[in-house]
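Each remark here refers to the structure printed beneath this line.
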Amino acid sequence: MTYLYPFDHPHALPLPDLNRLIGSKAAGLSTMVTALRLPVPPGFTIATTACTDFLAGGWPDGLEEEVRAQMRRVEQAVDRRFGAADDPLLVSVRSGAPASMPGMMDTILNLGLNQVTMAGLARAAGDPAFAAGCLARFTTMYRAIVGENEVPVDPWDQLRAAIAAVFASWNSERASSYRRHEGIPDHLGTAVTVQAMVFGNLGADSGTGVLFTRNPATGEATFYGDVMFNAQGEDVVAGDHRTEPISVLDDRMPDVARQLRGHAIALERHFADLCDIEFTIERGRLWMLQVRVGKRSPQAALRIAVDMAEDPNFPVTRAEAVQRVLPLLGDPPRLQVEHPSGVEAVAAGLGASPGIACGEIVISADDAVAAAEAGRRVILVRAETSPDDVHGMAKSAGILTASGGLASHAAVVARGWGLPAVVGAEAVRITAGEVRIGDRAFAVGDTITIDGSSGEVFAGEVAGAQEVVAEAAILQAWARELGLGIQLAEGGASAPAVSGSLVREDVLRTLLIKAYATPEVLAACMFSTPEQAADLLDRLVADGLLEISAGAFRLTADGKAAAAELVADDGERWGADEAVAALDAFLRLDGRVKEAVTAWQMRDVDGAQTLNDHSDAAYDRSVLDRLAALHTDVVAWLHPLTTRLDRLAAYEARLQRAADCARDGDTAYIASPRVDSYHSVWFELHEDLIRLAGRTRTDEVAAGRA
């Protein structure tokens with residue numbers, strides 16, 4: 001088995017499969033090297049399969065030999081030797097999951113240093129202090145991540161231990177917490193990228209930074225990010241160093257700024273999306289270290305989708321733009337347009353993730369979890385957040401940090417999760433049991449309000465005028481043009497919608513209910529395309545979870561077990577009482593749905609039931625009116641359930657589409673099995689609720705409930 005791939009390996013895989021094999025970080029590096037020929041330090045990636053094999057049975061056979069062979073290629077590319085006494089090759093060892101998990105797993109920089117190689121690095125750089133600083137950073141990171149006080153002298157021993165530690169970090173509590181929040185499967189594992197070091201800490205003509213091709217907080221089409229001079233990459237994202245805005249590069253290093261701008265534009269067009277880029281400048285030379293599709297706030301997602309679709313020179317259609325943001329159109333984000341007059345902010349920082357959040361002050365992630373589980377809204381206030389705080393961040397209404405920039409850990413995670421966040425509020429000081437904001441003292445438990453757009457912090461609960469993001473109306477209109485019915489709910493917001501991107505877990509659940517499905521059928525019920533569905537179905541076949549029978553796809557035994565486990569986990573998370581209550585409420589509507597469907601198919605003629613030939617327009621209209629009234633009651637029952645188990649929103653969206661199509665004249669959507677009809681969706685919802693309640697249809701039939 002091949003575990004290792006150099007960055008320039010010619011992968012012939014679609015991007016989702018490539019991400020799964022070598023992780024999104026390495027997939028981005030491969031794109032930069034092979035497709036765009038950008039300046040990337042040489043290196044290689046250890047595939048996710050090595051991680052899963054390692055976690056299952058220890059260090060895989062043959063991995064050591066592959067690592068040494070690939071390290072020889074890197075040595076030849078940079079003309080330096082790993083472990084050499086003069087001008088040694090040093091490497092970084094970084095994680096790279098199939099789905100972006102910013103900061104959740106471990107990284108070690110400057111690997112390969114010991115007292116001998118440090119002296120060689122000092123001679124080559126002409127700077128003993130630089131070399132000593134690199135060794136100190138490596139030693140600190142190695143001890144913290146590998147968990148050993150004694151750092152091996154042999155660089156090869158260092159490398160093996162670092163790779164193993166990054167593999168193990170896949171199962172760390174912070175990584176597991178992040179995956180639970182994001183719905184990332186636990187079985188994927190992480191890749192490991194080993195890359196020749198380039199140094200941003202070699203003086204004033206060196207630096208490191210993070211660049212977003214558009215503002216990920218607002219969506220504005222302008223470069224956004226942070227840079228630090230004479231620093232290494234982890235300093236920018238850690239949140240505990242003072243950064244400068246990316247625009248300073250234009251004044252300090254105009255040639256580098258021009259190159260970076262060109263690379264960023266090329267990457268954004270290649271990915272047809274907002275890009276998050278990491279770079280290092282080593283003595284005036286620009287190196288690209290990472291690119292990924294950037295996390296963005298809900299507000300930014302809407303603006304970016306509209307701007308890209310309306311740019312005739314950009315490769316995004318209106319349909320693609322709508323599919324990207326369809327879930328947001330159910331409850332469009334709102335912006336604070338003004339605060340009440342006379343209310344003064346007690347401090348200000350950087351608005352890192354827009355929105356207003358109000359809650360009690362907590363100063364630890366564990367306290368945030370405890371308070372949230374007790375039903376209280378909290379603002380997590382920290383000097384800076386770290387990946388170890390993600391379980392608390394996930395339970396918070398908003399984030400406030402005293403330090404950090406727009407690319408810090410707190411900013412990136414908050415934007416990805418749609419949490420309002422203010423970072424770099426230097427007037428915030430945290431001591432045991434007390435938070436000082438400006439000249440005021442607040443106790444833990446006191447209420448504050450943060451504005452993630454303006455960066456302001458207020459004492460107490462502060463409300464003001466808000467308005468829906470303007471781009472939401474544009475996208476809703478496009479969705480209607482495309483035939484994606486979006487129901488305007490109370491207050492003018494839309495009902496929940498479902499994403500157009502397929503998720504393998506949703507496919508498994510769907511096939512557990514349907515038993516069989518073609519790509520066309522699956523695409524229809526998941527608001528996707530047959531091409532996307534076919535791609536994912538083929539991958540699930542390759543994974544042994546699906547098989548093909550009579551031209552359709554069905555679950556294998558392993559697939560059925562995996563799907564049943566997913567549904568059982570859903571039911572446990574929802575709660576047995578909630579699931580049973582939902583099933584009982586369903587049954588109260590079920591008789592009315594069956595009566596309406598039967599009335600459409602059959603009608604009374606001279607006292608006898610006969611097939612409805614639809615020659616009586618008045619009769620048909622009465623049935624359609626009955627179905628429309630019934631649908632209103634269905635939404636009133638189902639919509640609140642989606643806040644407790646969000647995947648039920650897919651059923652609401654499908655029922656809404658069927659009701660809209662039937663109302664507009666396509667009456668096949670009432671009961672025809674050839675389309676995703678109201679009756680078909682209702683039957684599948686019933687089956688799903690039965691399983692979520694821990695019952696079987698046989699039990700329900702025997703009890704007279706089905």
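Judged as a side-chain contact (heavy atoms from CB on, under 4.5 Å), and not counting sequence neighbours, the contacts of D676 are C525, R654, R657, V681. W682 pairs by the ring pair (Phe, Tyr, Trp, His ring centres under 6.0 Å) definition with F586, not counting sequence neighbours. Scanning for salt bridge (Lys or Arg N to Asp or Glu O under 4.0 Å) contacts around E173 gives R180, with sequence neighbours left out. Scanning for ring pair (Phe, Tyr, Trp, His ring centres under 6.0 Å) contacts around W417 gives Y178, H181, with sequence neighbours left out. Under the ring pair (Phe, Tyr, Trp, His ring centres under 6.0 Å) criterion, Y678 pairs with H631, not counting sequence neighbours. Legend: residues meeting side-chain contact (heavy atoms from CB on, under 4.5 Å) with V412, ordered by chain and number and at least two apart, are P102, F212, R415.
Looking only at atom types and distance, the side chain of D688 has a donor-acceptor partner in the side chain of Y651 under 3.5 Å away. For the residue pair Y516 and R554, a side-chain donor N or O sits within less than 3.5 Å of a side-chain acceptor on the partner. A donor and an acceptor atom, one from each side chain of N612 and D620, are located under 3.5 Å apart. Side-chain contact, H409 with D389: no donor N or O sits under 3.5 Å from an acceptor N or O.
Atom CZ in R509 sits 10.0 Å away from atom CG in L512 (nearest 0.5 Å). To the nearest 0.5 Å, atom CG of residue L689 and atom CG of residue L641 are 8.0 Å apart. With rounding to the nearest 0.5 Å, the separation of OG in S297 from CG in L328 is 9.5 Å. For the atom pair CG (L302) and OG1 (T218), the distance works out to 12.0 Å, reported to the nearest 0.5 Å. To the nearest 0.5 angstrom, E578 atom CD is 5.0 Å from R644 atom CZ. The structure places CZ of R303 at 13.0 Å from CG of L475, a figure rounded to the nearest 0.5 Å.
Ion pairing of D569 with R573 is absent here, as no side-chain N (NZ or NE/NH1/NH2) approaches a carboxylate O to less than 4.0 Å. Using a 4.0 Å cut-off between charged side-chain N and carboxylate O, R647 and D570 make a salt bridge. The pair R292-D273 does not count as a salt bridge, with every side-chain nitrogen at least 4.0 angstrom from each carboxylate oxygen. Ionic pairing of R691 and E687 is present here: one or more N-O contacts between side-chain nitrogen and carboxylate oxygen are shorter than 4.0 angstrom.
Side-chain atoms of T518 never come within 3.5 Å of backbone atoms of A552 as a donor-acceptor pair (strictly under, hydrogens ignored). With hydrogens and angles ignored, the 3.5 Å screen pairs no side-chain donor or acceptor of E373 with any backbone N or O of A370. For the pair T449 (side chain) and G460 (backbone), a donor-acceptor distance under 3.5 Å is present. R179 places a side-chain N or O within 3.5 Å of a backbone atom of W170 that can act as its donor or acceptor partner. A donor-acceptor pair under 3.5 Å links the side-chain atoms of T556 to the main chain of G544, judged by distance alone. Not one N or O on the side chain of S396 forms a donor-acceptor pair closer than 3.5 Å with the backbone of I399. Judged purely by atom type and a 3.5 angstrom limit, T48 uses its side chain to pair as donor or acceptor with the backbone of R20. Side-chain atoms of R603 do not come within 3.5 Å of backbone N or O of Q601 as any donor-acceptor pair. Under a 3.5 Å cut-off, the side chain of T642 and the backbone N or O of L638 do not form any donor-acceptor pair. Proximity of a side-chain donor or acceptor of S677 to a complementary backbone N or O of S672 within less than 3.5 Å is detected.
A cation-pi arrangement is not found for R588 relative to W637, the charged atom failing to lie both closer than 6.0 Å to the ring centre and inside a 45° cone about the ring normal.
A 4.5 Å side-chain heavy-atom check between Q656 and V635 finds at least one atom pair inside the cut-off. Residues I548 and L537 fail the side-chain proximity criterion, which asks for heavy atoms closer than 4.5 Å. Looking only at side-chain heavy atoms (C-beta outward), V413 and T385 stay at 4.5 Å or farther from each other. Between I450 and I356, the closest side-chain pair of non-hydrogen atoms is not below 4.5 Å. Annotation: side chain of E471 is not in contact with side chain of P332 (no heavy-atom distance under 4.5 Å). When side chains are defined from C-beta on, T447 counts as touching C358, because their heavy atoms get closer than 4.5 Å. Contact annotation: the side chain of L627 never approaches that of V623 to less than 4.5 Å [non-hydrogen atoms, C-beta and beyond].
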(request) Show the numbers, then the answer: is there a side chain to side chain contact (heavy atoms under 4.5 Å, CB included) between E360 and R377? (result) CA-CA 6 Å; E360 301 175 14; R377 290 176 62 82; over 6 Å; no
(message) side chain to side chain contact (heavy atoms under 4.5 Å, CB included), that's the test. Do R324 and M308 meet it? Break it down for me.
(response) CA-CA 12 Å; R324 288 182 181 183; M308 288 185 172; 3.9 Å; yes
(request) Give the C-alpha distance, both sets of side-chain angles, the deciding distance and a yes or no for side chain to side chain contact (heavy atoms under 4.5 Å, CB included) between K514 and L522. (result) CA-CA 10 Å; K514 281 184 169 293; L522 192 66; 5.6 Å; no
(request) May I have the step-by-step check of side chain to side chain contact (heavy atoms under 4.5 Å, CB included) for L648 and W574, ending in yes or no? (result) CA-CA 11 Å; L648 295 179; W574 193 10; 4.0 Å; yes
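Considering all non-hydrogen atoms of both residues, A300 and P216 come closest at CB-O, 3.3 Å. Among all heavy-atom pairs drawn from G355 and P420, the shortest one is O-CB, 3.3 Å. Residues L380 and I363 come closest through the heavy atom pair CD1-C, 4.2 Å. Shown here for L419 and M393, the closest heavy-atom pair between the two residues is CD1-O, 3.3 Å. Between A662 and L624, the closest heavy-atom pair is O-CD2, 4.2 Å. In this structure, A321 and W478 approach most closely via the heavy-atom pair CB-CZ3, 4.2 Å.
In summary, of the residues considered (V444, V362, I448, V422), a side chain to side chain contact (heavy atoms under 4.5 Å, CB included) with V381 occurs for I448 alone. Screening L540, L555, L545 for a side chain to side chain contact (heavy atoms under 4.5 Å, CB included) involving V507 leaves a single residue, L540.
Heavy-atom neighbours of K295 NZ from other residues, nucleotides or ligands within 6.0 Å: above the threshold of 12. Within a 6.0 Å radius of CD in E520, other residues, nucleotides and ligands contribute more than 12 heavy atoms. Heavy atoms of other residues, nucleotides or ligands lying less than 6.0 angstrom from CD of E547 number more than 12.
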